[in-house]
Colleague: 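Sharing a structure, written as C-alpha cells. Questions coming.
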There are 2 protein chains.
Amino acid sequence: MNIGQAAQASGVSAKMIRYYESIGLIPKTVRTEAGYRVYSDHDVHTLRFIRRARDLGFSVEQIADLVSLWQDRERASKDVKDIALEHVSVLERKIRELQEMASTLKHLARNCHGDTRPHCPILEELANDEAGQAHIKPDAKFGVLGKASAR
Amino acid sequence: MNIGQAAQASGVSAKMIRYYESIGLIPKTVRTEAGYRVYSDHDVHTLRFIRRARDLGFSVEQIADLVSLWQDRERASKDVKDIALEHVSVLERKIRELQEMASTLKHLARNCHGDTRPHCPILEELANDEAGQAHIKPDAKFGVLGKASAR
DNA sequence: CTTGACCTTCCCATCATTGGAAGGACTAAA
DNA sequence: TTTAGTCCTTCCAATGATGGGAAGGTCAAG
C-alpha cells in the first residue's frame, strides 16, 4: 500500500508519516523501484498506535518511548505507567493554568457592561500597575496555548 | 531608559520587546545617537499591559486589538468584552480537551499494575484497533499542548 | 585605556504540523 | 499513444512565542 492509503487507514497524514520516518520514530520503509514507500498492515497498526498516543497529548519523544515499550515483550508495565502518569501531571498543571485564566477573565467580563460606552473593567485590570502578575507561573517547557495540531 | 531597564520594569524580556516592535505591536522607539532604544514610563506601562494580557493567554493578535481599544477613548466596552469572552470559550474548549485526555489516561493508569510484568492496559488501549479515536476533535487552530512561552 | 556590562542586528532552534513548488510515476480514458 | 489527472518524491518555508548565541558597537567606572 502506498503512503496515501496508509495515511487514510491510520489517520496520520502522509506528511506526518514522512516526518515520523525522518526523525526515526518509525523505521524506513521498503520502496518500490520508482521510490514509492510501501506499507503493510502492520505498519498501519503502528501508525494507529502513534496517532492514538498523539491524541492523548503525548509528545513525539514520549511516543517513541511508548512504541519501544510496546514492542518490548519484556517491558515492565511500570515504565509505561510512569510515562502516562508523568503526562497526566503535565496535563493537570496545564488545566489549572487555563482554569485560572478563564476564571479571571470571566470575573472581569461579568463586571463589564459590554455596551457602547468606553468604561471597561477588563482594560482597567490589564492597565492596573498594581495587578498581581503571578497567579500561576507558566511552566518553562510548555506554554499555555499551543499551536496547530490541526487535523 | 534602555531596553534592559524597560524589560526589568515591565516583566517583558528585552528579546520580546524587540520582537513586539518588529511585528508592530508596539511602535518604534526613539533611539539614542548610538542606536540604543529609549523607553519612557509610558512605554513601560504599555509593556505591562501587554504582559498581563499575555499572562491571561491572549494571542499577540488579540493583544494588538486590546491595546488599540485601550488607547481608544471612544471604544465600546462590548468590543473588549467580546474579545475576552471569545478567548474564554477557547480556553474552556482547551480545558475540556485536556480533561478528556487526563481522565482517559488516569483511567488506564488505574488499571495498570505498574510492576515489573509486561501486561499493560495502557499499551493495549493504544494498540486497540477498535479504539475510539474521536473523544474530542482537537480544533483546527490550536493544538493541545503548546510550546515554550517560557518565562 | 581597559574591563565589563550593556546594546545592536542577524540567524538558529524549539514543537508538530501544514503548505507549496518542481518534477517523476502511474493509471484510465480518448 | 498521447494526454489528463492523481499520486508520489524531495526540498524549503511558515506557523507562534520565545530563547540562545555570535559578532560587533557603546558606555561608564576604575
Side-chain angles (χ1 to χ4, degrees), chain A residues 1-8 11-26 28-39 47 50-51 53-64 87 90 94 97 137-151, chain B residues 1-8 10-26 28-39 47 50-51 53-64 87 90 94 137-151:
Chain A
M1 142 179 38
N2 285 342
I3 199 171
Q5 294 163 305
Q8 189 124 53
V12 178
S13 71
K15 282 268 184 191
M16 288 310 297
I17 295 174
R18 292 191 198 99
Y19 171 69
Y20 290 152
E21 183 187 305
S22 81
I23 62 172
L25 175 57
I26 55 177
K28 296 194 178 173
T29 58
V30 174
R31 303 278 188 127
T32 66
E33 286 186 7
Y36 284 23
R37 289 173 180 82
V38 175
Y39 297 88
L47 287 168
I50 290 169
R51 182 177 55 72
R54 191 191 51 181
D55 285 347
L56 288 172
F58 286 103
S59 67
V60 166
E61 193 181 353
Q62 287 172 315
I63 294 173
H87 183 44
V90 170
K94 186 161 307 296
E97 286 178 23
K137 304 196 178 177
D139 93 57
K141 169 91 188 168
F142 291 106
V144 120
L145 285 179
K147 83 112 315 203
S149 81
R151 206 162 49 250
Chain B
M1 110 186 65
N2 285 342
I3 199 170
Q5 294 163 304
Q8 189 123 50
S10 66
V12 178
S13 71
K15 280 266 183 190
M16 288 311 295
I17 295 175
R18 291 191 198 100
Y19 172 68
Y20 290 153
E21 183 187 306
S22 81
I23 61 173
L25 176 57
I26 54 178
K28 296 196 175 173
T29 57
V30 175
R31 303 278 188 128
T32 65
E33 285 186 8
Y36 284 24
R37 290 172 179 83
V38 174
Y39 296 88
L47 287 168
I50 290 169
R51 182 176 57 71
R54 192 191 50 179
D55 286 347
L56 288 173
F58 286 104
S59 67
V60 165
E61 194 181 354
Q62 287 172 315
I63 294 174
H87 183 44
V90 170
K94 187 163 306 299
K137 302 197 179 176
D139 92 59
K141 169 91 188 160
F142 289 107
V144 117
L145 285 177
K147 81 100 338 201
S149 82
R151 205 162 55 253

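In what follows, chains carry the letters A, B, and so on, assigned in the order in which the sequence lines appear, proteins first and then strands, with residues in each chain numbered from 1.
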Colleague: Is there a side-chain polar atom (N or O) of B:Ser13 under 4.0 Å from OP1 or OP2 of D:dG19?
Modeller: yes

Colleague: Does any donor-acceptor pair link the side chain of A:Tyr36 with the base of C:dG24 at a separation under 3.5 Å?
Modeller: yes

Colleague: Does B:Arg31 have a side-chain nitrogen or oxygen under 4.0 Å from the phosphate oxygens OP1 or OP2 of C:dT9?
Modeller: yes

Colleague: Using atom CD1 of A:Ile3 as one end and atom P of D:dT9 as the other, report the distance to the nearest whole Å.
Modeller: 5 Å

Colleague: Tell me, please, which residues at least two apart from A:Val30 pass side chain to side chain contact (heavy atoms under 4.5 Å, CB included).
Modeller: none

Colleague: Rounded to the nearest Å, what distance is computed from the CZ atom of residue A:Arg51 to the P atom of nucleotide C:dA16?
Modeller: 17 Å

Colleague: For B:Lys28 and C:dT8, what is the distance between atoms NZ and P respectively, to the nearest whole Å?
Modeller: 14 Å

Colleague: Given atom CG of A:Asn2 and atom C1' of D:dT9, what is their separation to the nearest angstrom?
Modeller: 11 Å

Colleague: Would you kindly compare B:Tyr39 and A:Ala34 by the position of their nearest DNA chain C nucleotide and give the one closer to the 5′ end?
Modeller: B:Tyr39

Colleague: Are any of A:Tyr19's side-chain N or O atoms less than 4.0 Å away from OP1 or OP2 of C:dC15?
Modeller: no

Colleague: Do B:Thr29 and B:Val38 come within less than 4.5 Å of each other through their side chains, counting heavy atoms only?
Modeller: no

Colleague: Go nucleotide by nucleotide along DNA chain D from the 5' end; which of B:Lys15 and B:Ile23 gets its closest nucleotide reached first?
Modeller: B:Ile23

Colleague: Send over the distance from A:Ile63 CD1 to C:dC15 P, rounded to a whole Å.
Modeller: 13 Å

Colleague: Starting the side chain at C-beta, find the nucleotide from C:dT8, C:dG20, C:dT17 nearest to A:Tyr20.
Modeller: C:dT17

Colleague: Whole Å only: how far is the CE atom of B:Met1 from the P atom of D:dA28?
Modeller: 17 Å

Colleague: Can you tell which of C:dC7, C:dG20, D:dG19 lies closest to the side chain of B:Met16?
Modeller: D:dG19

Colleague: How many whole angstroms separate atom CD of B:Gln5 from atom P of D:dC27?
Modeller: 14 Å

Colleague: Taking only N and O in the side chain of A:Arg37, is any of them less than 4.0 Å away from OP1 or OP2 of D:dT10?
Modeller: yes

Colleague: Of B:Glu21 and A:Thr32, whose nearest nucleotide on DNA chain C comes first from the 5' end?
Modeller: B:Glu21

Colleague: Is any side-chain heavy atom of B:Ile3 less than 4.5 Å from a side-chain heavy atom of B:Arg18?
Modeller: yes

Colleague: Measuring from the side chain of A:Arg18 (C-beta onward, heavy atoms only), which nucleotide among D:dT9, C:dT9, D:dC8 has the closest atom?
Modeller: D:dT9

Colleague: Could you check whether any side-chain heavy atom of B:Arg54 comes within less than 4.5 Å of a side-chain heavy atom of B:Tyr20, counting everything from C-beta outward?
Modeller: yes

Colleague: Report, as yes or no, whether the 6.0 Å neighbourhood of atom CD on A:Gln5 holds more than 12 heavy atoms from other residues, nucleotides or ligands.
Modeller: yes

